[in-house]
Structure formats: structure tokens, C-alpha cells
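Okay, structure first, notes after.
Since the structure is predicted, the reported quantities are computational estimates derived from the model, not experimental observations. Nothing fancy with the numbering, it's 1 onward along the sequence.
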Amino acid sequence: MYGNFRTYNELWKLTQEELGNILELETLDETVALEQERLVAVQKTSNLYLRYIQLSNRLSDCHKNILQPQKRRLLQKLVDNCIGRALELKHELVGLEFSEVHYLDDLLLEMKLVPDQMNIKIPAYFYEKTKEEQERLSLIKELLRYLSNDDSNKYWEALRMTEKEAVRLIQIHEQARQGREAFLEAQRLFEIKEENRLKECRKNMKSTISNDVAATRIQRAWRWYNFHRKFRNIYDTEMKLLRMQPSVTEKSETYQAFQRLEELKKNRQALIMKNEDEFLETIKEIQKDIETYYAPKAMEDLQSRIRSHFEKYRETNGEYPTFPTDEEGGSAAMLKEMVPMDNEHEKVKTETVVKEKVVSDKKDTKEAKEDEEPTGYILKTSKYVPELIELVKEYDKVWKDKEIIGIFDKCDVEMIRQEAFQEMEISVRLQTDRIMREELHRLTEAFEKDLGKKGKKGGKKGRKKGGKKEKGKGKGKGKKEKDLTPNRSFESLVEELIKEKIIVDYPKFLLSNFIGDYNYVGSVPDVESDPEKDAMPCLGDIRRIMNEYCILPMGSPAIHSKGAYVKSILITGPPGVGKKSLIYAICNEIGATLMDLSAKNVNGKYPGKEGLDMLMHLIFKVGRLAQPTVIHISEAENYFWKKQPTNSILVEAIRLKKELPKLMKGISNDDRIMIIGTTISPFDVDLKALSSCYSKIICILAPDHNCRRALWSEMILKNKGIITSELGLSTLCGVSDGFTAQHIKYAVKKVLTDRRLSLQNKIPLSASEFVHFLSDCTPISQDENEEYRAWLAKMPLQKKRIKVLKEESGEVIEDVKNKEKSITSKVP
């Protein structure tokens with residue numbers, strides 16, 4: 001166990017070295033000239049993107065397994081910033097490739113990685129909530145349980161049942177029981193009667209074949225069975241010999257190893273929690289000791305120093321000084337060495353000259369840049385790299401050469417004491433400054449009285465400064481948002497939204513339950529291919545996109561606060577491909593509050609302009625208080641019709657069309673609120689309004705062969721089925737072409753009943769059983785897929801991609817023609 005702790009500390013050390021190398025590379029790249037070729041810029045950005053993903057995954061593993069609480073806090077900051085930088089590079093890649101999905105198979109091969117290692121792991125601390133967040137979540141869950149229509153009706157009906165209703169309910173159950181008994185008795189008598197009839201029939205039957213023919217048939221069947229059994233045994237032994245099929249002993253060993261691993265994980269988590277509790281208790285004890293024994297003495301020393309400074313200043317200048325504000329540094333700024341007046345004037349002059357030079361230099365550089373107008377590709381300045389540099393310096397200074405404390409790597413008490421002393425110094429200074437300001441005010445008044453003065457020079461200056469500051473503050477502030485519900489509690493607001501079915505519950509569904517494989521041919525270059533028929537993402541790629549755009553930014557305030565997030569996303573595709581499942585996965589992974597703003601759900605609620613304003617106010621207020629918040633809009637096309645259908649029953653269907661952009665503009669870096677729309681039929685909508693409302697548009701088509709294979713195998717195993725060679729999994733994947741995950745799930749549940757599961761050891765599962773129930777479903781045709789492709793090609797991002805690819809392919813063709821001409825001209 002002790003070795004494992006050292007292993008993760010060593011892994012952290014190696015990861016820090018690699019992170020330092022990448023940061024050096026990034027700081028050097030800032031001075032490098034612009035890249036003129038798009039593909040070279042894509043390659044460099046992709047390389048950085050993959051490297052940051054590997055770093056974040058390793059650091060999250062270290063955070064999950066290292067026991068030391070202070071190290072875990074530093075690791076959490078490192079993971080947040082590495083993930084944030086990876087997401088920044090993701091957005092850069094989207095801008096360079098004009099596509100939401102990136103196929104980086106060449107780079108993966110070069111870095112010796114598999115496609116699964118391109119996924120960013122969701123850190124374990126995403127699931128840890130503060131006490132306030134836990135209280136809010138539990139409050140919303142309780143209100144949802146008791147105020148939702150189905151549960152509340154059943155609950156209150158059971159409580160309000162009268163005596164007559166109870167007697168009637170008992171009578172109904174008794175009659176049903178008697179009916180079942182009568183049916184079972186009748187069935188038993190029918191089976192006895194049928195058995196007797198069959199016996200009589202067998203007695204009267206005459207054999208149409210001879211004994212020799214019957215014996216031959218039996219022998220043929222037995223030999224066929226015996227041959228196949230021997231052949232299967234030979235095949236199994238060969239596969240086990242080649243290590244392509246685990247034996248029974250290997251299976252039991254892996255199961256035991258898995259159990260041991262789970263026990264180790266539980267023990268490790270228990271130790272982490274124990275160390276965390278000890279760490280918090282140590283902090284409380286040290287703070288209590290410092291406040292009791294050291295803080296009063298420090299306050300007295302600081303007060304005596306400030307008083308002596310007052311007297312020295314009065315002796316030299318003939319008046320008491322002005323006390324700096326807290327923003328200016330307070331007593332810390334005042335106790336610095338005083339600069340003589342002449343030197344001070346010179347210093348101010350030199351500072352103004354330097355500032356003027358800097359401003360002129362900046363203007364010159366700006367003008368030069370405008371004149372040059374360089375064209376090319378360069379990475380934007382990162383908001384995460386500066387903090388990463390500081391964190392790397394902190395690691396090198398504190399943890400790089402530090403030994404593990406104790407067997408279980410407990411907290412460092414000396415570091416806690418140093419931090420507590422620093423906090424004590426700050427709090428003591430603030431308290432002392434407050435006291436000494438009052439004392440200085442009294443001293444100046446007494447001194448001016450002795451001199452016979454009327455006013456207070458320092459006070460006037462202070463008031464002028466204060467007045468200016470207040471004016472500046474007033475100018476900086478924007479128009480304050482009006483609170484329409486000032487006297488209402490959070491509980492009452494949530495209760496209202498639940499009653500109106502705006503806040504809704506969601507089932508348990510994790511991102512790992514969204515099964516699917518990756519597109520392995522997306523990166524295959526094809527010069528002759530049409531750019532409009534670009535490679536579409538598979539379900540595994542969609543899972544990665546949802547993780548990067550929705551879960552990772554929304555799950556961490558530190559990542560979201562620096563801008564690497566998406567405000568809105570539209571998921572489109574045929575029914576049954578998993579659009580709602582993705583929304584449930586996002587909500588479960590980040591513990592979000594789910595709101596439903598669909599046109600059908602809002603229809604008839606909060607009517608008129610005032611009602612609409614109240615609805616938007618409630619959504620924003622509760623969304624901010626209960627963040628992270630996901631706002632789901634199903635059938636998103638209802639807000640963007642070119643012309644409302646005549647058969648529509650919606651009243652004011654487009655009432656939120658103008659409010660949605662306002663809602664998105666109001667989302668700031670501190671508001672973890674996201675709008676997710678889903679639609680099946682996006683074909684007859686206003687494309688300009690739709691694309692301006694949703695910043696990202698993801699299209700999910702029917703699963704391909706690899707995805708169907710993953711879906712069949714995972715769903716059969718999940719429902720306790722056994723996959724054997726008799727099943728014919730490849731055949732089943734081929735037959736189910738065009739069917740979605742919903743259809744496959746339906747077929748698996750219909751086949752794998754309790755009775756069928758009990759018989760599968762004797763009668764293995766076969767493909768024909770599943771195909772029988774698949775025939776109940778309607779598959780997605782190729783024409784439907786092409787229709788979605790054609791619609792996606794009309795979106796702004798895809799238009800840009802088609803244009804760039806056509807230009808580049810045209811240039812390639814021209815280069816080839818020029819080479820051919822040069823070759824033919826040289827030939828005599």
C-alpha cells in the first residue's frame with residue numbers, strides 16, 4: 001500500500017516535468033511568426049491539445065489517489081487549468097478545421113495512443129459538493145418528489161382514502177385472487193385432459209418408417225452433435241492457447257483481482273477522508289492557538305509602530321499624515337520607507353515620461369501592425385497558462401523535493417502554521433488599521449485645536465479622494481437588473497417552478513452508459529471525395545464532444561470562470577439516437593438542475609408581456625442560485641418556424657424567440673447556465689435565427705457497424721446475457737443496419753426475460769431471437785441520413801469548411817497539373 005502512494009507521487013513528479021516543458025514551448029511559441037499554412041497550424045494545435053489531455057488525465061488520477069490534503073488542493077487547481085487549456089485548444093481547432101469533431105489518428109499513432117485516450121477524464125471532485133450546494137440539491141429533490149403530479153397524487157390519494165374505498169379496494173384484490181386460483185385450476189385440468197388425449201393418440205398411431213431408418217436418423221443426429229462438440233472443444237483450446245479467449249481459471253482470477261482492486265479503492269477513499277478530517281481539525285487548533293497567544297501581541301506591536309510613525313511624521317512635517325485606505329495598502333503601505341519630497345517629484349516626472357514613452361511605443365506598434373496586416377494563423381493568448389506557470393513554480397518551491405510525511409502521507413503542520421500566521425497578520429492589520437484611523441482622527445483634531453486651526457487639510461484631501469472614488473464607481477456601474485421577487489425565498493421560487501413543470505426531474509443515466517464506438521476512417525484523406533459528404537461523427541465521438549462542451553466547463557467553477565465554455569448547443573437527429581439520454585447524462589455528471597422551456601411545456605403559462613418577464617426572471621434567478629443549471633428545449637424548431645403550421649395547437653409559439661438571445665447574453669463567466677435544444681425535424685426552420693441562437697450544432701445519425709456491435713454486446717451483457725459463438729454477433733450487427741440504440745434496447749429487453757436467462761446455459765442465445773423483435777421497429781433509411789447531412793451542410797460552420805476544403809483541393813489539383821505540364825515539356 002505504501003508503494004502505491006509513492007507510485008502516484010512519482011507519477012505527479014514526471015507529469016510536472018512534462019507540464020513545465022509544454023509551458024516553455026507555449027511561451028516560446030508566442031514570439032514565433034504566424035503560420036501561413038492552415039494544416040501546419042492544425043497539426044501544432046492538435047499536438048498541444050492531445051498533450052494537455054494526457055496531462056490532465058494523469059493529474060486527475062494523482063488527485064484521486066494521493067492522500068495528502070494539501071497536495072490534493074494544488075492538484076485540483078492544476079487539473080482545472082490543464083482541462084481549461086485543453087478546452088481552449090479545442091475551440092482553436094474548431095476555428096481552424098471548421099468542424100466540431102477532429103480525427104487525429106495520425107497524431108495518435110505518432111504518440112502511441114489509442115482513440116479512447118483522447119477523452120478527458122471527468123475528475124472525481126466534480127461529484128463533491130459544498131454544504132450549501134448539497135442543501136439546495138436535496139431541497140429541490142424533496143420538492144420534486146412531493147410536488148410532481150404522479151408521485152404527489154398517489155401519495156395524497158393513499159392518505160385521503162375513505163373506509164368505503166378501502167373496503168372496495170380489498171374486495172377487488174380478493175376477487176382477483178379468486179380469479180387467478182380458478183384460472184390455475186382450470187389450466188391444470190386442461191393439461192391433464194390434453195395429456196390423456198395425447199396418450200390415446202400415441203396408442204392408435206402406426207409407425208410409417210422401419211426401425212432401421214429410425215435408428216439411422218438417430219445416429220446421424222448424434223454424430224452431427226458429437227462432431228460439433230469436439231470441433232468446438234478443439235477451437236476453444238486453440239483460442240485459449242493463443243490467449244485470445246480466457247479460460248475458466250483466468251476468469252476466476254480476474255474476478256478475484258477485480259474484487260481486491262475494489263477493496264483497495266474503498267480503503268484508499270476512507271484514508272483520504274480521514275486525512276481530510278485531520279487536516280481540518282489541525283487548521284482549527286492552530287488558528288485557535290494563534291488567535292489566543294500570538295494575535296494580541298502582534299496587534300500591540302503594530303499599534304506601537306504606527307504611533308511612533310505618526311510622531312516622527314509630525315516632528316518632520318509639522319502635521320499628522322493621512323492614513324491610506326485598505327485598497328492602497330493601509331498601514332503596510334504607510335510604514336514603508338518615506339521618499340524625500342525632491343526625489344518624489346523626480347520619481348513622478350520619470351514615471352510620467354516612461355508612461356508617455358510606453359503609450360507612444362504602443363501606438364507606433366499598433367500603427368505598424370495595421371500597416372503590415374499580417375495574414376496567417378496564431379493561437380490566442382490563454383487565460384489558463386499564466387496560472388499554470390504560477391502553480392508549477394509553487395510545486396517546484398514546496399513539493400518537488402519534499403519527502404512523504406508518515407506512512408499514509410498526512411498533512412504538513414508547519415505549512416498550515418505558516419499559512420495561519422499569514423492570515424493572522426492580514427486580519428490583525430485590518431483590525432489595527434480600523435482602530436488607528438480613529439485614533440489618528442482624534443490626534444489631528446487635538447493638534448489643530450492646539451494650533452488654533454479651523455479645518456483639517458488631510459481630512460479634506462481624504463474626502464476629495466473619497467468623493468472622486470465614489471463618482472468613478474457610479475460611472476463604472478451599469479444598469480442594475482430589477483428584482484421582480486425581492487421578498488420571496490428560494491424555496492418558494494423553486495416550488496412555483498416545480499408546480500408549473502418548469503423544473504423537472506431526470507432519471508439516473510451516466511455518460512459511460514451512452515455506448516458507442518469511434519469513427520476510425522474519418523482521418524483517411526480522399527482528394528476526389530466531395531467536401532459536402534464529410535465524415536460524420538460516431539456515438540463515441542458525440543460522447544467526447546458532450547464531455548468537452550457541457551460536462552467539463554459546467555462541472556468546475558474554476559474552468560467556467562475563465563471563458564472556455566459554450567452557452568448553447570443544439571442536438572439534432574432522427575428519433576431514438578440518444579438525444580435526451582445525453583441531457584440526462586450531463587445533468588447526472590454535474591448534479592445540475594434541469595429546466596424545461598419547450599414550447600409545449602410553456603404553452604399557456606405566464607401569459608402576456610408581464611408574465612413572460614416574470615418567467616425569464618424566475619429562470620435566471622433560480623438558475624443562478626441552483627447552478628449548475630441546464631435549460632432543455634425539446635422540439636426546438638417550434639421557436640424558429642418560417643411559417644407556423646396550421647395544425648399546431650401552440651398559442652404564441654414564438655414568444656421565447658426574442659427572449660432566448662437575451663437569456664444567453666445575460667450568462668456571464670460566473671453563471672454556470674447552459675441551454676440545450678433537441679429536435680427531430682430541423683428542416684423547415686429559419687436557419688439564420690437558429691444558428692444565431694445556438695452556438696454549437698451537433699447532428700447524430702443512425703449508428704454504424706462498430707457502434708451497433710458495441711451496443712449489442714454491452715446491452716446483452718448488461719441484461720445478464722451470455723455472448724457465445726452461436727449468437728453470431730457480426731451477423732446481428734449486419735442485420736440491424738439502420739436501427740438505433742432505442743430499437744436494440746427494446747429487442748434485448750424483449751428477448752432476455754427471466755425464463756430465457758435461466759435456459760441460456762442449455763440453449764445459447766441466437767441472432768434470430770433478436771431479429772424477430774427488431775421487426776416490430778421501423779429502421780432509419782439512408783434517405784433520412786442524407787436529408788440530415790444536406791441540412792447540416794447549410795449551417796455557417798459547415799459552409800466555411802466546404803469552402804476552405806474546395807479551395808485547398810483546387811490548389812492541389814492545380815499543383816498536380818503544373819507538375820504534369822513541366823514533365824511533358826521536358827520529354828523530347
Side-chain angles (χ1 to χ4, degrees), residues 137-202 494-510 513 575-576 580-581 584 588 594 596 600-601 604 715-722 741-766 768-778:
L137 278 172
S138 60
L139 173 67
I140 292 168
K141 283 179 182 177
E142 284 176 13
L143 288 170
L144 277 167
R145 192 187 306 155
Y146 292 112
L147 294 174
S148 60
N149 285 336
D150 300 334
D151 295 340
S152 61
N153 286 342
K154 289 175 186 176
Y155 179 76
W156 291 113
E157 278 173 15
L159 286 180
R160 293 172 185 170
M161 189 178 289
T162 60
E163 190 177 346
K164 286 183 180 180
E165 288 173 343
V167 170
R168 178 64 183 151
L169 187 64
I170 292 166
Q171 287 175 348
I172 288 166
H173 280 282
E174 180 59 25
Q175 287 170 4
R177 187 189 66 79
Q178 290 175 6
R180 284 195 296 273
E181 282 189 357
F183 171 76
L184 290 170
E185 184 64 24
Q187 189 179 18
R188 189 178 65 80
L189 293 171
F190 174 76
E191 287 174 357
I192 292 168
K193 188 178 178 181
E194 191 67 18
E195 192 177 349
N196 292 331
R197 188 182 67 79
L198 289 171
K199 282 180 182 177
E200 290 294 327
C201 289
R202 288 194 199 97
V494 171
E495 190 176 342
E496 182 182 336
L497 288 176
I498 291 171
K499 283 179 179 176
E500 294 293 340
K501 294 185 181 178
I502 302 296
I503 292 179
V504 292
D505 200 3
Y506 47 87
K508 185 76 175 174
F509 189 88
L510 297 174
N513 300 134
K580 283 188 180 177
S581 299
Y584 298 149
N588 277 294
L594 181 61
D596 188 0
K600 285 184 180 177
N601 190 37
M715 286 186 180
I716 289 169
L717 292 170
K718 197 175 180 181
N719 286 275
K720 300 178 182 178
I722 299 171
Q742 191 177 4
H743 301 149
I744 293 169
K745 187 178 180 181
Y746 168 79
V748 169
K749 284 201 170 183
K750 283 287 184 182
V751 171
L752 297 181
T753 57
D754 291 339
R755 187 174 180 278
R756 186 66 188 87
L757 288 171
S758 64
L759 294 171
Q760 63 179 337
N761 289 323
K762 295 179 181 177
I763 307 169
L765 296 169
S766 63
S768 58
E769 298 177 71
F770 297 98
V771 172
H772 173 72
F773 288 103
L774 271 181
S775 59
D776 297 343
C777 309
T778 307

How far does NZ of Lys141 sit from CG of Asp505, to the nearest 0.5 angstrom? 8.5 Å
Qualifying residues under side chain to side chain donor-acceptor pair (under 3.5 Å), relative to Gln178, sequence neighbours excluded: Glu174
Is there a donor-acceptor pair closer than 3.5 Å between any side-chain N or O of Gln760 and the backbone N or O of Leu752? no
Please find the pair of heavy atoms, one from Ile140 and one from Ile498, that lie closest to each other, and give the distance. O-CD1, 4.1 Å
Would you check if the side chain of Asn196 reaches a backbone N or O of Lys193 as a donor-acceptor pair within less than 3.5 Å? no
Under the rule for side-chain contact (heavy atoms from CB on, under 4.5 Å), what residues qualify as partners of Glu769, not counting sequence neighbours? Val751, Arg756, Leu765, Ser766
Can Arg145 and Glu142 be counted as an ion pair, charged N to O under 4.0 angstrom? no
Shortest non-hydrogen contact between Cys777 and Tyr746, atoms and distance: SG-CD2, 3.7 Å
Minimal non-hydrogen separation, Tyr506 against Tyr584, with atom names: CB-CD2, 3.6 Å
Checking the side chain of Asn588 only, and the main-chain atoms of Leu510 only, is there a donor and an acceptor separated by less than 3.5 Å? no
Is the CZ atom of Arg755 crowded by more than 12 outside heavy atoms at less than 6.0 Å? no
Should Asn513 and Lys718 count as side-chain neighbours, where that means a heavy-atom distance under 4.5 Å? yes
So with a 6.0 Å cut-off around CG of Asp754, is the heavy-atom count from everything else above 12? no
How long is the span from the CG atom in Asn719 to the OG1 atom in Thr753, to the nearest 0.5 Å? 11.0 Å
Distance col, row Ile722:CD1 vs Asn761:CG, nearest 0.5 angstrom, shows 4.5 Å
Under 4.0 Å between a side-chain nitrogen and a carboxylate oxygen: does that hold for Arg188 and Glu185? yes
Looking at every non-hydrogen atom in both residues, tell me the closest pair between Arg168 and Gln175 and how far apart they are. NH1-NE2, 4.5 Å
With sequence neighbours left out, write down each residue that passes ring-ring contact (aromatic ring centres under 6.0 Å, His included) with Phe770, or none if nothing qualifies. Trp712
By side-chain contact (heavy atoms from CB on, under 4.5 Å) - contacts of Leu717 (at least two apart): Ile723
For Lys164, side-chain contact (heavy atoms from CB on, under 4.5 Å) partners two or more places apart: Thr162
How many angstroms lie between CG in Leu189 and CD in Gln187, if you round to the nearest 0.5 Å? 10.5 Å
Gln742: side-chain contact (heavy atoms from CB on, under 4.5 Å) partners, not counting sequence neighbours: Thr740
Report yes if the side chains of Asn601 and Ile502 come closer than 4.5 Å at any heavy-atom pair, otherwise no. yes
Under 3.5 Å donor-acceptor, Asp596 side chain and Lys501 backbone: no
State the NZ-OG distance between Lys720 and Ser758, to the nearest 0.5 angstrom. 12.0 Å
